[in-house]
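Notes for the one structure printed next.
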Amino acid sequence: MKSPGTAAASAAPAGKRRWRCVAAAGAAVALAFFSVVVPLAVLLGLHARFPSMYMVDESAVSVYDGSEGGSWEPIPPEENGTLQVNSTVKEFVPPTPKEWTNTNGSQPDTVIAPPIQQATVLEDSSSLNFTGTDLKDSFEQGLPGDENEKSCQLQFGSYCLWSVEHEEVMKDFIVKQLKDQLFVARAYYPSIVKLDGMEKLSHEMKQNIQEHGHMLSEAISDADLPELHRVNIAKMDQTIAVAKSCAVECTNVEKKLTQLLDMTQDEALFHARQSAYLYRLGVQTLPKSLHCLSMRLTVDYFNASADMEHSDAEKFGNPAFQHYVIFSTNLLAASMTINSSVINSEESANMVFHLMTDGQNFYAFKNWFIRNSYKGATIRVLNFEDFQVKNLGNEIVDQLSSSEEFRITSNSNAVTLNTLMRTEYISMFGHSLFLLPELFTNLKRVIVLEDDTIVQRDLSLLWNLDLKGKVIGAVQFCRVKFRQLRAYLPNFPYNSSSCIWMSGVSVIDLNEWREHDVTGIHHRILEKLPHDTEASWRSAALPAGLLAFENLIHPIEDQWVQFGLGHDYGLTHGAIKKAAILHYNGNMKPWLELGIHRYRKYWKRYLPRDDVFMMDCNVNP
């Protein structure tokens with residue numbers, strides 16, 4: 001017999017085992033719960049409350065060019081909102097602020113939608129409200145000279161380009177043809193049966209209807225159809241042709257065919273919206289592999305015992321070196337920009353990169369750039385939230401606001417709307433970049449690179465560029481002029497014929513910036529713009545960025561930068577190879593599966609292949 005002490009000792013391990021079982025069961029239940037709740041939260045739009053990893057602005061700007069007789073009219077609202085997808089889409093569309101007005105109170109000629117955060121919303125809701133007729137015409141691009149057609153890109157953005165480029169061969173083309181014949185035959189059959197002397201025709205039509213129904217009940221694709229399906233199609237064509245020649249009552253036929261048309265339009269609208277939504281969700285969401293990379297590096301940083309601090313701190317504020325600034329929350333994208341810059345540099349040891357990120361990604365960035373070397377270049381990782389910089393509006397800037405992208409659709413002639421309508425993606429400084437003089441007080445000049453750029457040439461000539469007393473050197477984009485955006489520019493003086501500029505690569509003289517008080521100008525412009533919500537704050541980046549540098553930009557030659565690798569399928573290999581810098585502006589970024597494949601090779605050549613974290617997270621764009 002066991003003693004009481006022995007029984008108690010044996011009972012203790014048993015109790016521990018029971019508690020382990022309970023804990024394991026609880027962990028399993030929790031895992032199952034979150035595996036259901038987290039995807040549901042994403043579908044319901046709760047993720048909009050989480051900070052985004054990469055901002056892509058799909059704002060629609062319809063440009064009116066009054067000097068060339070252009071015109072613009074808003075997309076008509078959808079009359080019947082009965083589709084179930086509408087309610088789903090609206091979950092991802094933020095409340096649209098009131099339409100901006102001119103300084104005189106009149107309605108603007110153009111419409112700028114609120115910026116779109118990653119993995120949260122579609123393009124602005126007004127761009128998605130249109131009739132089924134507009135949908136059909138938009139994908140066919142309409143006929144030249146028809147003023148009523150709408151551009152597909154105006155409604156769906158870059159999804160139209162992507163869908164055309166990746167169009168698949170229909171596997172059920174004949175099946176759809178059979179369905180159309182069946183529906184038309186059923187529309188005529190009740191009227192043919194009532195006619196005297198048409199017994200033979202009605203019998204043939206009934207037999208053809210039964211044969212079609214039998215074939216369709218067993219076929220999903222064309223490969224499932226029987227060998228004699230073409231014979232049945234020809235017989236049905238003859239029968240329908242004879243039925244159309246009969247003097248039948250049109251009311252029933254018209255009702256049936258109208259029903260077919262409405263059903264087809266509703267189905268096309270549903271699938272178009274669904275596909276466009278899934279596309280935008282794909283291009284605006286950080287890939288799982290990149291999220292894994294960031295998390296693994298963060299964990300490794302806190303587990304590492306080695307010294308994680310730089311030994312080249314004396315270079316950070318030394319104006320004798322070439323200083324490059326990158327604002328980014330995308331680790332892989334920023335590292336590719338830096339890697340391409342130093343590989344193609346003739347004096348990489350003189351390059352100092354100041355990489356500004358947020359608190360969420362700071363330790364992953366720091367770990368990555370300490371672990372990897374870049375031909376003697378110095379990389380300094382900064383946490384924007386540590387600065388606690390106060391802007392001139394006495395508000396704490398505690399969230400990184402890097403560059404914003406705006407989708408601008410313009411046309412200069414209403415008569416040939418479909419052929420001359422252009423869609424461009426304009427990158428513009430975010431509000432955080434207007435704090436550059438405060439962030440880098442000891443520097444005189446910096447080059448700002450966006451993280452969706454790749455450098456193919458040595459940048460020493462760009463660093464030594466004479467700005468001729470201007471604040472910033474940037475590439476001008478003369479396809480869009482100030483006058484075309486006049487409805488969104490507050491009552492500030494500007495030259496209406498001036499070109500806008502692109503912020504992908506910018507050379508900045510910080511001394512001239514301080515002398516002209518560009519930060520103060522930016523603040524005064526913001527005071528005249530709505531910026532009480534996140535959407536309106538980010539939307540204000542376009543007019544504020546344009547007006548703050550009015551008459552302060554020195555144009556850089558176009559040969560320096562090749563834009564459009566994130567949305568334009570028409571770029572040539574010669575033009576890309578000739579450019580010193582490639583800018584993947586647009587939302588088909590090279591690190592995404594939805595990126596333009598023939599442009600990704602220029603980006604992937606700088607991808608590190610032997611990094612253990614990249615292999616573990618299966619990072620292979």
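Since the model is a prediction, treat every value here as computed from it, not as a measurement.
Counting only distance, with no hydrogens or angles, the side chain of Tyr425 and the backbone of Tyr584 share no donor-acceptor pair below 3.5 Å. Remark: the backbone N or O of Ser427 is not paired with any side-chain donor or acceptor of Asn585 at under 3.5 angstrom. Counting only distance, with no hydrogens or angles, the side chain of Lys601 and the backbone of Arg598 share no donor-acceptor pair below 3.5 Å. Ser294 places no side-chain N or O within 3.5 Å of a backbone atom of His291 that could act as its donor or acceptor partner.
The side-chain hydrogen bond (donor to acceptor under 3.5 Å, both in side chains) analysis of residues 215-237, with sequence neighbours excluded, yields the pairs Gln181-Asp237, Ser221-Asp224. Pairs of residues two or more places apart, or lying in two chains, never qualify as side-chain hydrogen bond (donor to acceptor under 3.5 Å, both in side chains) while including a residue from residues 197-206.
Considering every non-hydrogen atom in both Leu582 and Tyr602, the closest pair reads CD1-CB, 3.7 Å. Closest approach of Glu404 and Ala541 over heavy atoms only: CG-CB, 3.9 Å. The shortest non-hydrogen separation linking Lys481 to Ile500 is C-CG2, 4.5 Å. Closest heavy-atom contact between Ala185 and Ile240: N-CD1, 4.4 Å. The two atoms that bring Ile596 and Leu565 nearest to each other are CD1-O, 3.9 Å, heavy atoms only. Minimum interatomic distance between Pro590 and Arg600 (heavy atoms only, all atoms of both residues): O-NE, 3.1 Å.
Residues satisfying the salt bridge (Lys or Arg N to Asp or Glu O under 4.0 Å) criterion with Lys176, sequence neighbours excluded, are Asp172.
For the pair Leu485 and Pro543, the minimum side-chain heavy-atom distance is 4.5 Å or more. Side-chain contact between Trp501 and Val475: absent, with no pair of heavy atoms (C-beta onward) separated by less than 4.5 Å. Contact check for Tyr599 versus Met588: no side-chain heavy atoms found under the 4.5 Å cut-off.
Separating the CG atom in Leu571 from the CZ atom in Phe563 is a distance of 11.5 Å, to the nearest 0.5 Å. To the nearest 0.5 Å, atom CG of residue Asp451 and atom OG of residue Ser402 are 7.0 Å apart. Distance check: Asn618 CG to Lys288 NZ gives 10.0 Å after rounding to the nearest 0.5 Å. A distance of 13.5 Å separates NE2 of His573 from NZ of Lys578, quoted to the nearest 0.5 Å. Atom CH2 of Trp603 sits about 11.0 Å away from atom CG of Asp452, to the nearest 0.5 Å. Between Met428 atom CE and Met502 atom CE the span is 8.0 Å, to the nearest 0.5 Å.
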With side-chain hydrogen bond (donor to acceptor under 3.5 Å, both in side chains) as the test, would you mind laying out the steps for Ser503 and Glu450 before giving the verdict? CA-CA 8 Å; Ser503 66; Glu450 294 186 0; 2.5 Å; yes

Residue pair Thr533, Ser536: steps toward the side-chain hydrogen bond (donor to acceptor under 3.5 Å, both in side chains) verdict: CA-CA 5 Å; Thr533 65; Ser536 60; 2.9 Å; yes

Pair His583, Gln562 - check side-chain hydrogen bond (donor to acceptor under 3.5 Å, both in side chains), show working. CA-CA 6 Å; His583 190 189; Gln562 176 62 64; over 6 Å; no

Step by step, would you call Thr239 with Asn208 a side-chain hydrogen bond (donor to acceptor under 3.5 Å, both in side chains)? CA-CA 8 Å; Thr239 304; Asn208 290 337; 2.8 Å; yes

Would Leu332 and Asn330 satisfy side chain to side chain contact (heavy atoms under 4.5 Å, CB included), going step by step from the backbone distance to the final call? CA-CA 6 Å; Leu332 187 62; Asn330 189 321; 4.0 Å; yes

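By the 6.0 Å contact criterion, CG on Leu261 is enclosed, its count of non-hydrogen atoms from other residues, nucleotides or ligands being greater than 12.
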